[in-house]
Amino acid sequence: MVLNYLANIGRFVPEITLIVTMVGLIFVEATYGDEEKGSSKGYLYATAYLGLLFTLVKLIGSLGDAPIAIYSNSLVIDPFSTMIKIIMVIGTAACIHLSRRSSDVYENLKGEFAIIAVGVLIGGMLLASANNMLTLYIGIETLSILSYVLASLKKNDDRSSEAGLKYALFGGISAGIMLFGMSHIFGVTGTIQFAGMLDKLKDLDTVQIAILMPSFLMFFAGIGYKIACVPFHMWAPDVYEGSPLPVTTFFSIVPKMAGMAVLLRVTMVFFSGDQNVLQMSWIATLSVVAALTMTVGNVSAIGQRSVKRMLAFSSISHAGMMMMGVLCISEIGTRAIVFYGITYLFMTLVAFYITSFVQDAYGNDHFERFNGLIHKHPLMAIFMLITMFSLSGLPPLSGFIAKFNIFSALIDKNYYVLAIIAGLNSVVALYYYLKIVKLMVFKDPESDEKIKGFGFTNQLVITALTVPVVMLGIFWDQVLVMANGAKIFIVQ
Amino acid sequence: MVSLPSFLFVSFILFLAGIVVMIARKNVIAILLGIELILNAAALNFVAYTRFINNNLEGHIIALFIIVIAAAEAAVGLAIVIRFYQIRESIHIDDATQLQS
């Protein structure tokens, strides 16, 4: 028994590394005196980057390994979860770098950001490979509880503490509702394991179905809250706006990808079998929610003054787009989501990085601050332009290929109405993304004041993040092959 | 002997009470209490189902985890409420109005 557990530890190394990193970070942080400035804590950042780099190398190395369920089927390590984990690790590392140079995070709290971000990442990784309800619940709570702290990181700012409060209340409510739904699913199926769930959901009598239907809706509420889909999105714009900018960046990548991964896994494990009432109602729910999420996200993004809030709404609409891949319940859908996740990661990072530079230089992130950026910082403006084109899904950039994949998954299953809704939404999205481009290129700058701190290192980082946005649009076939390998392993 | 439906009824009442508290009360502390009620309803369900339907330990273990995680969540929630109180000098949810578009 014990030997079985030890034998599986090899597949669990990335998570263990991160736990060690987090504890190490706490110790390193404690060695610094109070007067030390946050951004000059070299050892702290070295520890964080080393831990994340080792995790990343380990994850990439295990991409080709055979899928396996470890620790009494509680976790499943398959190529899909590994890909999602890679996306989340890169996102975390980039956010830690952003937090180091952003003035939106207090100097004495920069160390805390790194520690808590790694903690959230651990929760996200648990969630991405959760294979029973207990791991799912622990993963969601690890992710959420630490996120509440991150949202209120700017602790003397009333907006930030309000964001944390709203996040904590909404999070607690939805976790409770999810758990209540879970308890009834457990009661009807008699197990918390996902393994073999397909058979248990096959032959049910009317009473059982009557119990399961609302239970699955409640279960969906908990996951839907994490990916901020309508109608559980009310917290998202407020929290995204109130939190410091690096935290917003972090929220729009790690919890969202983790939630998407678990939603896809739950859908595949519970409903990939023959047609039945439960499956049909689940797909119907997902379709309505996905269409609403996209539309509400895009329409609300139009009237915003703050670029950060606009990007928050745009990330809601991207979540809706990814959900369209989930409801296909097919391998093409899975592949499309993994590809979408990769491109979404880089596009979001570039957009938020540049917004962060502008906000630090001019005090706020309103649209007018981008006026005439191309005259002051051509490189930055061109990168922003590329990213905005890519986010709106114009060819030949990566955003287009990502959307195209989702469309092909939808057409493959004959969901034409959803495809049309998604297409119309892309047109709406074009409007507000191109608004920034228009301001940057055709308006005169408000002042000649240049942005400080856009030095060589930061130019290098932004370039490194923009290159994939372009390259994935041109050399997409290799990445698609890689995403195609990321199949979900359903334990029988 | 008390039967399974009675347990389910009690937990459903707890759940409803939690939802009502969260909707009706404007005090943040009361809302946190409502969340605890919902979590306890779920824990009670898990234990009851384990006792009457399947006799393995899964439900008991999940109930233990719920207790621990609920405590952690309440701790973080209260810390944030204290921060909010120090800044705004109120724990009324209607005073959280800075972030509305």
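Just so we're clear, the structure is a prediction, and the values are computed from it rather than from any experiment. Lettering follows sequence order; numbering is per chain, from 1.
Contact of B:L4 with chain A is not made at all, since no heavy-atom distance falls under 4.5 Å. Using a 4.5 Å cut-off between heavy atoms, A:N132 makes no contact with chain B at all. Interface remark: B:I66 contributes backbone and side-chain atoms alike to the contact with chain A (heavy atom separation under 4.5 Å). With a 4.5 angstrom heavy-atom cutoff, B:I19 touches chain A only via side-chain atoms. For A:L146, no part lies near chain B; criterion is any non-hydrogen pair under 4.5 Å. Neither the backbone nor the side chain of B:F52 comes within less than 4.5 Å of any heavy atom in chain A. With a 4.5 Å cut-off on non-hydrogen atoms, B:I53 touches chain A through its side chain but not through its backbone. Proximity to chain B is absent for every atom of A:A151, based on heavy atoms less than 4.5 angstrom apart. In this structure, the portion of A:M218 lying under 4.5 Å from any heavy atom of chain B is its side chain and not its backbone.
Ring pair A:W235/A:Y240 is perpendicular by interplanar angle, where above 60° counts as perpendicular and below 30° as parallel.
Looking at A:R305, A:K308, A:R159, A:K166 one by one, the single match for salt bridge (Lys or Arg N to Asp or Glu O under 4.0 Å) with A:E241 turns out to be A:R159.
Per-residue heavy-atom pair counts under 4.5 Å with chain B were compared for A:A175, A:A168, A:G164, and the maximum is reached by A:G164. When each of A:T191, A:T142, A:V149 is scored by its heavy-atom pairs under 4.5 Å with chain B, the top score falls to A:T191. For the set A:I177, A:V188, A:V239, the count of heavy-atom pairs under 4.5 angstrom toward chain B peaks at A:I177. Highest contact tally toward chain B, considering only A:S160, A:G187, A:G176, A:S161, is held by A:G187 [criterion: heavy-atom pairs under 4.5 Å].
Side-chain contact of B:S3 with B:S6: a donor-acceptor pair under 3.5 Å is present, judged by distance alone. A:K154 and A:S243 are not linked by any side-chain donor-acceptor pair at a separation below 3.5 angstrom, with hydrogens and angles left out of the test. For B:N45 and A:H184, the side-chain atoms include at least one donor-acceptor pair closer than 3.5 Å. Between A:S74 and A:N131, the side chains place no donor N or O within less than 3.5 Å of an acceptor N or O (distance only, hydrogens not considered).
In this structure, A:Y167 has its ring center under 6.0 Å from that of A:F251.
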